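Quick notes on the structure that follows.
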Amino acid sequence: MINLTLPDGQIKQYNKPVTGEFVAEDIGSGLAKAALAIKVDGLMKDLSFIIEKDCNLSIVTAKDDDALDLLRHDAAHVMAQAVQELFPETQVTIGPSIENGYYYDFAREKPFSTDDFDAIEEKMMSIVDRDLKFIREVWSRDRAIKFFNDKGEVYKAELIEAIPMNEDVTIYKQGEWTDLCRGPHLPSTGKLGKNFKLMKLAGAYWRGDSNNEMLQRIYGTAWADKKQLKNYLTMLEEAEKRDHRRLGREMDLFHIQEEAPGAAFWHPKGWKLYRTVQDYIRKKLEIAGYHEVNTPQLVNKSLWEDSGHWDKFREAMFVTETEDKSLAIKPMNCPCHVQIFRQGTKSYRDLPLRMAEFGSCHRNEPSGSLHGLMRVRAFTQDDAHIFCTEDQITEETKNFCDLLMSVYKDFGFEEIIIKFSDRPEMRAGSNDTWDKAEQALTDAVDAAGYKYDLNPGEGAFYGPKLEFVLRDAIGRDWQCGTLQVDFVLPERLDAVYIGEDGKKHRPVMLHRAILGSFERFIGILIENYSGRFPFWLAPLQIIVATITDEVIPYAEKVLSQLKFQGLAASADFRNEKINYKIREHSAAKVPIIMVLGLREAEEETVAMRRLGGKNQEILALTSAIAKLKSESEFP
RNA sequence: GCCGUUGUAACUCAGUUGGCAGAGUAUCUGAUUCGUAAUCAGAAAGUCGGAGGUUCGAUUCCUCUCAACGGCACCA
């Protein structure tokens, strides 16, 4: 007797093995029609899967999120079949579902072109129309390897050889087309529907290894219905409109040019924004007990050799030779901070010592990785190092997490994910040290009461780290903050303090940043707010716009009073219609336009119009200024 | 760094099958003094990313190179 527990708690009993399809039919013909797959003890299986023992069973229909995953995986298969029907000389490799869609990597001598997309999509449609059944078969390894080798599919054969001996080699057929695949799949290609679209073409290394040959990847998106597809495409358009590179130019914030790849030229408004962010952080750090320092840009390579960075990162360091010395432009600040720590004798009474620097760093990032402000070669971190005892790690971690959360909240980010990255393969320090560091960080983050996901093997070479990921207004994730526990660098650079016992001890270093780099964080802010910054952040807060030349004297007075209060105000006294001015400054996303005409001049008032608002607010000049002044305070 | 694509006025883009380089927006000048998202008229604006080559002639064809874009890889 086989007992199947359904999601509602109901138990179905059968006296012999049954397929998912059979159970669905047994529950109801409507469900049978909608059924796409089943979940056996939480694992997705084909509808045709034969259930042989007791389990929790649920029937997956188009309503389930999981179904979307299957659908995308099917789309990858259908695309691969379409490509091979059109271009028989193409070899297939792998094609998984991913967020919002899927891709498939192909090997073919002649590159695909986006001009091929129409033909491929059309062929995919026809495969959907053929409504081919996905048929699962288990083959012997030898048979599978021979089959694919005979077809000239050497990549597939290589994949099969890599499958562990104890695992089945499963093959899926759709009509005449055969692929190695773990599955599961929808019942047939017809279930895929036609709500897919090929998106982009890209190179991708075989098995993700840059030593291997490069394959051609085609990305597609696929959805359960037309509306979802349309929403997704609209969202992409939205994202493009708020691209920080585009807004940076349109709003005159910064530019990047050929002569300085990976480095920003900050324009007055962009630099004002930058300074506002920096002033805000500086204030937060001061309150939190940090001491700001500043350290040299050029540091002899010997320091980087001692710290271990030279070994691992010398390729990415800019080095200059002078008088037989090799000086490296600093790629990070920690070794310099240790030098400050080492000046004079430190006592346990000095700990925890929180040393902060708006550290300007340069890294020779690979040319292909540069991306607007998000990935640059010249950047400034909101960096700090906390020198403390092992006992203080927990408290310092908690304080830091709290500080970081409050900062993110002030910038309008509510949803934060924490990742815990443990020891990487390439690392400094003994396993004992790593055990200790990982344990200390685990204890600290647990004690601080924050939840986290494990991110195995992604730690820094000198210690484990917490990574803080924030989600922006349109649902994209950005990793910004970090906290790293480091027992290695104090040892390598010989940092010591005198303990209560009068003996020398090693401090622990906590490397931490909240924003990460100002450049990148500002890029994220631009995109998150779509350029419509909250009043306190806006680099240009107020435009004073006149209706006729007659009121210029009054407008001058308003402007100077605003400026006197430290508000970022600017004048528009041009001989233009008020409609024209409002249109222009609204498009420039200035939060407030003050319209001044004869009436306002006479009554000492201002007509205030807020960005996005339809109505104006008439206020006495003095109260308008007081109100705006308080709105422009840091949150 | 690797694969693919792109580079024409400040911006967005058209164009030249090798023969004087085009539009809209922005800019400048003049007129207009106007009450909440585009007033009218005129002018100026380009080493067609850079360097070589082929050609009577190259922005167009070829080679090299730089940068950007989309991915991959990398990211202390």
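Every chain is numbered from 1, with letters handed out A, B, ... down the list of sequences. Note that this is a predicted model, so its numbers are computed, not measured.
Distances were taken from every side-chain heavy atom of A/Met332 (C-beta onward) to each of B/rA76, B/rU39, B/rA38; the shortest belongs to B/rA76. You'll find that the side chain of A/His371 is closest to B/rG70, out of B/rA73, B/rG49, B/rG70. Candidate nucleotides B/rG35, B/rU27, B/rA73 were compared by shortest atom distance to the side chain of A/Arg574, and B/rU27 ranks first. Set against B/rG4, B/rA76, B/rC34, the side chain of A/Thr548 has B/rC34 as its closest nucleotide. Considering only side-chain atoms of A/Val595, the nucleotide from B/rC72, B/rA73, B/rU36 that sits closest is B/rU36. Checking B/rA37, B/rG35, B/rC72 against every side-chain atom of A/Ala607, the shortest atom distance belongs to B/rG35. Here B/rU36 is the nucleotide among B/rA76, B/rU36, B/rG71 with the atom lying nearest to any side-chain atom of A/Ile582. With B/rA38, B/rA73, B/rA76 as the choices, the nucleotide that has an atom nearest any side-chain atom of A/Lys465 turns out to be B/rA76. The A/Tyr580 side chain lies nearest to B/rU27 when the options are B/rC74, B/rA37, B/rU27.
What separates CD of A/Gln216 from C1' of B/rC2 is a distance of 13 Å, to the nearest Å. Note: CG (A/Asn364) to P (B/rA76) measures 15 Å, nearest angstrom. Distance, A/Lys577 NZ to B/rU39 P: 6 Å, rounded to whole Å. Summarising the geometry, the separation between OH on A/Tyr205 and C1' on B/rG4 is reported as 13 Å, rounded to the nearest angstrom. Per the geometry, CZ belonging to A/Arg217 stands 11 Å off C1' belonging to B/rA73, to the nearest Å. When rounded to the nearest whole Å, the span between CD of A/Glu600 and C1' of B/rU36 equals 11 Å. For the pair A/Ile256 CD1 and B/rC11 C1', the computed distance is 17 Å after rounding to whole Å. Look at CG on A/Asp209: it is 12 Å from C1' on B/rC74, rounded to the nearest Å.
Looking at heavy-atom distances under 4.0 Å, A/Arg599 makes contact with a base. Residue contacts shown for A/Ile578 are limited to sugar-phosphate atoms, with no base heavy atom under 4.0 Å away. Nucleic acid contact for A/Tyr219: sugar-phosphate only, since backbone atoms but no base atoms lie under 4.0 Å from a heavy atom of the residue.
Less than 6.0 angstrom separates the ring centroid of A/Trp206 from the ring centroid of A/Tyr155.
For A/Arg245 against B/rA68, a side-chain-to-base donor-acceptor contact under 3.5 Å is absent. Taking only distance into account, the side chain of A/Arg375 meets the base of B/rC74 through a donor-acceptor pair shorter than 3.5 Å.
By the 30° and 60° cut-offs, the orientation of the rings of A/Phe400 relative to A/Phe468 is perpendicular.
OP1 or OP2 of B/rA37 sits under 4.0 Å from a side-chain N or O of A/Asn579. OP1 or OP2 of B/rG71 lies within a sub-4.0 Å distance of a side-chain N or O belonging to A/Lys200.
Judged by the 6.0 Å distance and 45° axis criteria, A/Arg108 is positioned over the aromatic ring of A/Phe87. By the 6.0 Å and 45° rule, A/Arg217 stacks over the aromatic ring of A/Tyr103.
No hydrogens or angles considered: nothing links the side chains of A/Tyr554 and A/Glu604 as a donor-acceptor pair under 3.5 Å. For the residue pair A/Asn455 / A/Ser421, a side-chain donor-acceptor distance below 3.5 Å is found, with atom types taken as modelled. A donor-acceptor contact closer than 3.5 angstrom is absent between the side chains of A/Ser307 and A/Glu305.
Under the stacking criterion of a centre-to-centre distance below 5.5 angstrom and an interplanar angle below 30°, A/Phe313 sits stacked against the six-membered ring of B/rA76.
Of the residues near RNA chain B, A/Asp243 and A/Pro331, the one whose nearest nucleotide (by heavy atom distance) lies more toward the 5' end is A/Asp243.
With contacts defined as side-chain heavy-atom distances shorter than 4.5 Å, the pair A/Ile281/A/Phe358 qualifies.
For the pair A/Ser586 (side chain) and A/Ile582 (backbone), a donor-acceptor distance under 3.5 Å is present.
B/rU47 and B/rA58 are spaced 13 Å apart, taking the C1' atom of each and rounding to whole Å.
Taking a pair as Watson-Crick or G-U with both hydrogen-bonding distances under 3.5 Å, the stems of three or more pairs touching RNA chain B are B:1-7 with B:66-72, B:10-13 with B:22-25, B:27-31 with B:39-43, B:49-53 with B:61-65.
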